[in-house]
Amino acid sequence: MRKPVIAGNWKLYKTKDEALALIEELAPLVAGVDNVEIVVAPVFTVLPTLPAALAGTSISLAAQDVFWEEEGAFTGEVSPRMLLDAGASHVIIGHSERRQYFGETDQTVNKKIKAALKGALVPIFCIGETLDAREAGDTFKVLERQVRGGLEGLTETQFAPVIIAYEPVWAIGTGKVATDEQAQEAHAFVRGVVARMFSKAAADKVRILYGGSVKPDNVKGLMASPDIDGALVGGASLKGASFASIVRYGE
Ligand code: PGA
């Protein structure tokens, strides 16, 4: 029912030539895959280079961030319209690294999600608790605050395209993946919050991706969980072979 999404977050890696080489390696390895949506998210400067290389593949292009204004005196920012202009269809919003290092809050995330939706971009809306929050028993409290804060003011129709990514901060880039049970429990909780905010139908439809040290050897177990609808992959998306085998987790 929910089509899985496997998204590669390239973070601050890959120049134009490196990105093109990665796509050249990846594209044939995922050719013919039509049961999974595939997304890659390079740095802003690489975005306009990729549409030509992705033509004829089923790989979609995402940015890693967006600003909420369309244009104006906002040095250093990039608007939804500019991302569309560069060939992106998706945008990652509220990644924990942006929350941690760049002052992103539930309020700025909310503005960005609204702007992305208005600009016809699909938001990949990231949430996740820190290790401290988990150890204090606050995981659900944090997730509920992030989901409600990030989606505040949206109607159910506006919310419909949104993809959520649950990424426990303690699992990102650490090699310490959440267990299938921990991930499933968090995903089911988040789906419940969506049901309470919007409706059961909206909750049944929304794709919730897991992120945090997803690798070819743990993706299958995660994807077997009923509420896990895909993965947001950092490190293992930087090589064509490992990303392709994550995309092909079901084979
Ligand atoms: P990781 O990153 O797969 O390298 O842990 C995931 C992410 O930050 O999206």
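When a ligand or atom number is given, it counts from 1 through the structure's own listing order. For the single chain, residues carry numbers from 1 onward in sequence order.
A donor-acceptor pair under 3.5 Å links the side-chain atoms of Q146 to the main chain of G128, judged by distance alone.
Geometrically, ligand 1 and V233 share no nitrogen or oxygen pair separated by less than 3.5 Å. Annotation: I172 places no N or O atom under 3.5 Å from an N or O atom of ligand 1; distance criterion only.
Here is the list of ligand 1 atoms found below 4.0 Å of a heavy atom in H95: 7 (C), 8 (O), 9 (O). Close contacts of ligand 1 with S213, meaning ligand atoms under 4.0 Å from a residue heavy atom, involve 1 (P), 3 (O), 5 (O). Numbered from 1 in the order shown, with element, the atoms of ligand 1 that lie under 4.0 Å from a heavy atom of E167 read 6 (C), 7 (C), 8 (O), 9 (O). Distances below 4.0 Å separate heavy atoms of G235 from the following atoms of ligand 1: 1 (P), 3 (O), 4 (O). Close approach of ligand 1 to A171 (heavy-atom distance below 4.0 Å) involves ligand atoms 5 (O). Those atoms of ligand 1 with a heavy atom of G173 less than 4.0 angstrom away are 1 (P), 4 (O), 5 (O). Here is the list of ligand 1 atoms found below 4.0 Å of a heavy atom in K11: 2 (O), 7 (C), 8 (O).
The part of N9 lying near ligand 1 is the side chain, judged by heavy-atom distances below 4.0 Å.
In this structure, R81 does not pair ionically with D85, as no charged nitrogen and carboxylate oxygen lie closer than 4.0 Å.
At a threshold of 4.5 Å between non-hydrogen side-chain atoms, the residues I246 and P216 count as touching. A heavy-atom distance below 4.5 Å is found between the side chains of K11 and E97.
Donor-acceptor pairing under 3.5 Å is recorded for the side chains of T108 and E104.
Going from atom CD of Q158 over to atom NZ of K114 covers 8.0 Å, rounded to the nearest 0.5 Å. Distance check: K220 NZ to E251 CD gives 9.0 Å after rounding to the nearest 0.5 Å.
Looking only at protein heavy atoms, the nearest one to atom 3 (O) of ligand 1 is G234 N, 2.8 Å.
I172 and W170 sit in two unconnected hydrophobic clusters of ILVMFWY residues. Membership requires side-chain heavy atoms under 4.5 Å apart, directly or through other members.
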